Amino acid sequence: MIERGQALAALSQDEFDVIVVGGGITGAGVALDAASRGYSVALLERADFASGTSSRSSKLVHGGLRYLQNFDLGLVREALLERQLMVALAPHLVHPLPLVVPAFDGAHPDRLVGVGLNLYDVMSVDRDRLRTRRGRRARAERVAGPRPVDGDERPASEESESWSPARHRVISGDEVVELLPALAEREPTSGYLFYDCQTDDVRLVLTVLGEAERFGAVCANRVDVTALLMHDGRAEGVVAVDTESGGQFEVRGANIVNATGVWADELRRSEMADETELPRIRPSRGTHLTFSHSDLPLVGGAIVPAGSGRTIFALPWLGHTLVGTTDNDYEGPLEHIKPALDDVEYLLEAINTFFGRALQVSDLTGAFAGVRPLISSGDSKKSVDISRKAELYETSSGMITITGGKLTTWRRMAKMTVDRLVEREALEAPCHTQEIPLGQSIGVSELPRVEGVPEESYRALAGRYGHAAIDVLAFAAGRGELAQPIIPGLPDLLAEVTLAARREQARSIGDVLLRRTRLGLLAARELSREEPGQAAAPVRAVAGVLAHELGWDGARTEAEIESFNAELSAEGLDIP
Ligand SMILES: Cc1cc2nc3c(=O)[nH]c(=O)nc-3n(C[C@H](O)[C@H](O)[C@H](O)COP(=O)(O)OP(=O)(O)OC[C@H]3O[C@@H](n4cnc5c(N)ncnc54)[C@H](O)[C@@H]3O)c2cc1C
């Protein structure tokens with residue numbers, strides 16, 4: 001991404017076709033879609049990119065088996081097709097994950113789940129792609145003869161150009177244990193195996209923003225949009241505040257897109273009084289816990305019953321285990337969302353019962369919470385039952401608000417928004433995002449080896465950055481100490497801090513530890529200080545690299561460390 005100072009200069013000097021407010025996955029998607037259709041685009045993010053809900057999800061790119069219960073078939077179908085497309089566009093970042101619904105004591109796996117999985121299989125078939133692929137295969141066979149049939153049900157067929165999921169099937173107890181070693185002592189007797197996909201939500205946002213910039217979008221974080229610039233009742237730009245300097249400036253643009261997620265009502269507050277029929281945001285909090293792989297070892301994900309017909313996920317993620325989530329109405333402040341103690345206890349109880357463990361709060365490696373931007377349907381439905389469909393509406397100023405939806409369906413939400421812009425300007429500008437690769441994949445073996453970099457870091461780097469991992473390694477090769485892990489034993493390198501500051505607008509220790517890497521979620525204890533006024537060693541190491549990159553003096557560095565400790569505590573990440 002371009003350097004933040006340059007982005008700010010462009011924002012105050014240039015005039016844009018589209019101003020996107022909000023740098024979560026929705027805003028990033030709109031910026032990419034609009035820029036790739038030829039619009040000049042500015043994207044303004046109040047805090048850090050993806051610091052809202054888009055860093056706090058379950059990290060699944062999925063249809064959402066659960067939504068079938070609510071007969072949200074359109075949403076599930078749309079998300080399943082997007083899932084497949086995301087694997088094709090960003091194979092290093094969005095990858096298939098086996099998921100298991102185990103059964104015990106010789107019982108047949110729940111038939112109702114089987115019915116749901118059948119529907120899931122049918123709905124995930126992309127007939128257009130299948131037709132193209134069959135056509136290609138038939139042509140290839142005419143040339144080379146038919147391919148051997150080996151009955152293999154791998155998640156992706158190696159000769160196909162894109163992943164498509166194998167149908168679900170019943171597997172034996174031994175196979176269940178292979179995928180869910182944490183369940184070994186309960187001796188499962190069989191289970192359903194099916195596939196969904198997984199990602200790093202923040203990295204997806206940063207990657208989409210990077211692509212938007214390649215098409216000319218100007219993106220800046222720590223720019224708060226405080227008001228719309230109005231002329232004759234129409235919005236012609238926004239009033240923005242650089243939250244680092246406190247300076248106020250105007251950004252001029254013909255179209256304003258409000259992609260501020262749970263904050264969407266704030267920006268249209270002035271219009272809401274007159275437009276009472278507009279949907280309102282109804283935030284719902286979800287909490288997640290993380291554990292070390294050794295405490296809860298998983299190779300695939302598990303669907304875990306959690307009482308009253310609810311289920312939660314236990315998933316392998318970045319070398320740890322991620323458990324979540326809850327889903328309850330939330331009314332507190334939106335800036336920092338803490339995991340509620342009740343939610344932590346509910347999740348612990350569900351996994352302890354299911355896996356036959358006795359895990360406690362002291363076993364957590366991290367815990368985090370986020371709020372879903374659900375759209376109030378005006379009735380008293382529980383938040384779990386509210387649809388995850390996206391909503392788009394235009395208010396009297398001409399501003400378009402896009403909210404609701406899911407991480408998985410970001411591209412469709414962006415398309416819907418930009419289609420509306422194109423339509424109201426009576427232009428011919430079709431969407432291309434279905435064919436724009438997101439980043440560039442690279443094989444682990446293609447990465448140059450650098451002295452001091454632990455072997456396990458190469459896989460992590462290739463998964464996080466794709467081809468740009470080479471740049472991280474170049475920083476490590478140039479300054480030996482950057483080849484060291486931020487936390488000994490974990491793959492994230494100090495060289496990533498350099499890349500985050502130079503190329504990804506990271507401005508604080510939290511930007512690096514909570515979002516550019518995910519150490520704040522996975523190794524929170526190593527980052528928490530033991531005494532007031534102290535700093536954990538990894539925090540000091542990250543502060544040192546940022547000080548070098550951003551020109552912080554000693555006093556500023558200490559102030560930044562203090563502010564990171566305060567952020568950990570406000571987010572409830574400094575678990576006891
Ligand atoms: C617990 C939980 C689990 C989930 N799991 C999944 C999952 O596994 N798969 C899935 O597909 N979806 C999942 N979701 C849903 C998904 O995470 C969200 O739908 C998505 O991240 C919303 O993105 P967004 O960009 O709309 O909002 P956000 O990510 O919140 O982005 C909005 C941004 O706008 C900025 N902003 C606000 N006001 C202003 C302003 N005035 N000026 C400038 N910027 C402003 C904010 O700082 C914020 O960064 C989950 C959600 C939750 C809460």
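Just follow the structure's listing: the first ligand is 1, and inside any ligand the first atom is 1. Index from 1, following the sequence. Predicted, not measured: the structure shown is a model, and the values here were computed from it.
Looking at Glu266 and Arg46, a side-chain N of the basic residue comes within less than 4.0 Å of a carboxylate O on the acidic one, giving a salt bridge. Taking the charged nitrogens against the carboxylate oxygens, Glu3 and Arg503 have no contact shorter than 4.0 Å, which rules out a salt bridge. Salt bridge status for Asp48 with Arg507: absent, with no side-chain N to carboxylate O gap under 4.0 Å. Checked for salt-bridge contact, Arg37 and Asp419 meet the test: a charged N lies under 4.0 Å from a carboxylate O. For the pair Asp200 and Lys59, the salt-bridge criterion is not met [side-chain N within less than 4.0 Å of a carboxylate O]. A salt bridge is defined here as a Lys NZ or Arg NE, NH1 or NH2 lying under 4.0 Å from an Asp or Glu carboxylate O, and Glu82 with Arg411 meets this definition. Salt-bridge check for Glu250 with Arg252: passed, with a basic side-chain N closer than 4.0 Å to an acidic carboxylate O. For the pair Asp201 and Arg515, the salt-bridge criterion is not met [side-chain N within less than 4.0 Å of a carboxylate O].
Looking at every heavy atom in both residues, Val418 comes nearest to Ala34 through CG2-N, 3.8 Å.
Within the 4.0 Å heavy-atom criterion, the part of Val223 lying near ligand 1 is the backbone and not the side chain. With a 4.0 Å heavy-atom cut-off, ligand 1 is reached by the side chain of Thr325 but not by its N, CA, C or O. Contacts of Ala259 with ligand 1, taken as heavy-atom pairs under 4.0 Å, involve the backbone alone. Within the 4.0 Å heavy-atom criterion, neither part of Thr226 lies near ligand 1. At a 4.0 Å heavy-atom cut-off, ligand 1 touches Leu407 through backbone and side chain alike. When non-hydrogen atoms are compared, ligand 1 lies under 4.0 Å from neither the backbone nor the side chain of Arg285.
Under the 4.5 Å side-chain criterion, counting only non-hydrogen atoms from C-beta, Val257 is not in contact with Ile19. Lys338 has its side chain out of reach of Phe368: every pair of non-hydrogen atoms, C-beta onward, lies at least 4.5 Å apart. A 4.5 Å side-chain heavy-atom check between Leu193 and Leu99 finds every atom pair outside the cut-off.
Taking any N or O of Val225, backbone or side chain, at least one lies under 3.5 Å from an N or O belonging to ligand 1. Checking only distances, Ile25 does come within under 3.5 Å of ligand 1, N or O to N or O. Checked by distance only, ligand 1 and Thr287 stay at 3.5 Å or farther apart across all their nitrogen or oxygen atoms. The shortest N or O to N or O distance between Ala50 and ligand 1 is not under 3.5 Å. At least one N or O atom of Gly405, backbone or side chain, sits closer than 3.5 Å to an N or O atom of ligand 1. For a threshold of 3.5 Å applied to N or O pairs, the pair formed by Glu45 and ligand 1 contains at least one separation below that value.
Looking at Thr290, its side chain does come within 3.5 Å of a backbone N or O of Leu521 through a donor-acceptor pair. Side chain of Ser397 to main chain of Met399: a donor-acceptor pair is present (N/O by atom type, distance under 3.5 Å, no hydrogens or angles). The closest donor-acceptor contact from the side chain of Gln505 to the backbone of Ile2 lies under 3.5 Å. A donor-acceptor pair under 3.5 Å is absent between the side-chain atoms of Arg516 and the main chain of Gly510, judged by distance alone. Distance alone, capped at 3.5 Å, is enough to place a donor-acceptor pair between the Ser55 side chain and the Gly52 backbone. Distance alone, capped at 3.5 Å, places no donor-acceptor pair between the Asp242 side chain and the Val223 backbone.
Counting heavy atoms only, Ser58 comes closest to atom 3 (C) of ligand 1 of the residues Ser284, Ala369, Ser58, Ala227. Nearest-residue assignment for atom 17 (O) of ligand 1 (options Ser57, Gly63, Ala240; heavy-atom criterion): Ser57. Within the set Thr409, Asp224, Asp327, the minimum heavy-atom distance to atom 40 (C) of ligand 1 is found for Asp224. With distances taken over non-hydrogen atoms, the option nearest atom 22 (C) of ligand 1 out of Gly64, Ala264, Gly370, Ser54 is Ser54.
Every atom of ligand 1 is numbered from 1 in the order shown, and the set under 4.0 Å from a heavy atom of Gly52 is 29 (O), 30 (O), 49 (O). Each of the atoms 43 (C), 44 (N) of ligand 1 lies under 4.0 Å from some heavy atom of Leu44. Set against the non-hydrogen atoms of Gly286, the atoms of ligand 1 under 4.0 Å away are 1 (C). For ligand 1, the atoms sitting less than 4.0 Å from at least one non-hydrogen atom of Thr26 are 23 (O), 24 (P), 25 (O), 26 (O), numbered in the order shown with element in parentheses. Here is the list of ligand 1 atoms found below 4.0 Å of a heavy atom in Arg56: 1 (C), 2 (C). Every atom of ligand 1 with a heavy atom of Trp263 under 4.0 Å away is listed here by number and element: 30 (O), 37 (C), 38 (N), 46 (C), 48 (C). For ligand 1 and Gly261, the ligand atoms under 4.0 Å from any heavy atom of the residue are 26 (O), 27 (O), 32 (C). Close contacts between ligand 1 and Gly22 involve ligand atoms 33 (C), 34 (O), 35 (C), 44 (N) [criterion: under 4.0 Å to a heavy atom].
Among protein heavy atoms, the minimum distance from atom 11 (O) of ligand 1 is reached at Thr408 OG1, 2.7 Å. Scanning the protein for heavy atoms near atom 36 (N) of ligand 1, the closest one is Thr260 CG2, 3.8 Å. Ranking the protein heavy atoms by distance from atom 31 (O) of ligand 1 puts Gly24 CA, 3.5 Å first. Closest to atom 30 (O) of ligand 1, if we only count protein heavy atoms, is Thr53 N, 2.9 Å. Ranking protein heavy atoms by distance to atom 53 (C) of ligand 1, first place goes to Arg372 CG, 3.3 Å. The closest protein non-hydrogen atom to atom 9 (N) of ligand 1 is Leu60 O, 2.7 Å. The protein heavy atom nearest to atom 44 (N) of ligand 1 is Arg46 N, 3.0 Å.
Within the 4.0 Å heavy-atom shell around ligand 1 one finds His288. By the 4.0 Å heavy-atom criterion, Val21 is counted among the residues contacting ligand 1. The shortest heavy-atom distance from His62 to ligand 1 is under 4.0 Å.
Of the residues listed (Tyr120, Tyr195, Phe194, Tyr192), the one engaging His168 in a ring pair (Phe, Tyr, Trp, His ring centres under 6.0 Å) is Tyr192, and it is the only one.
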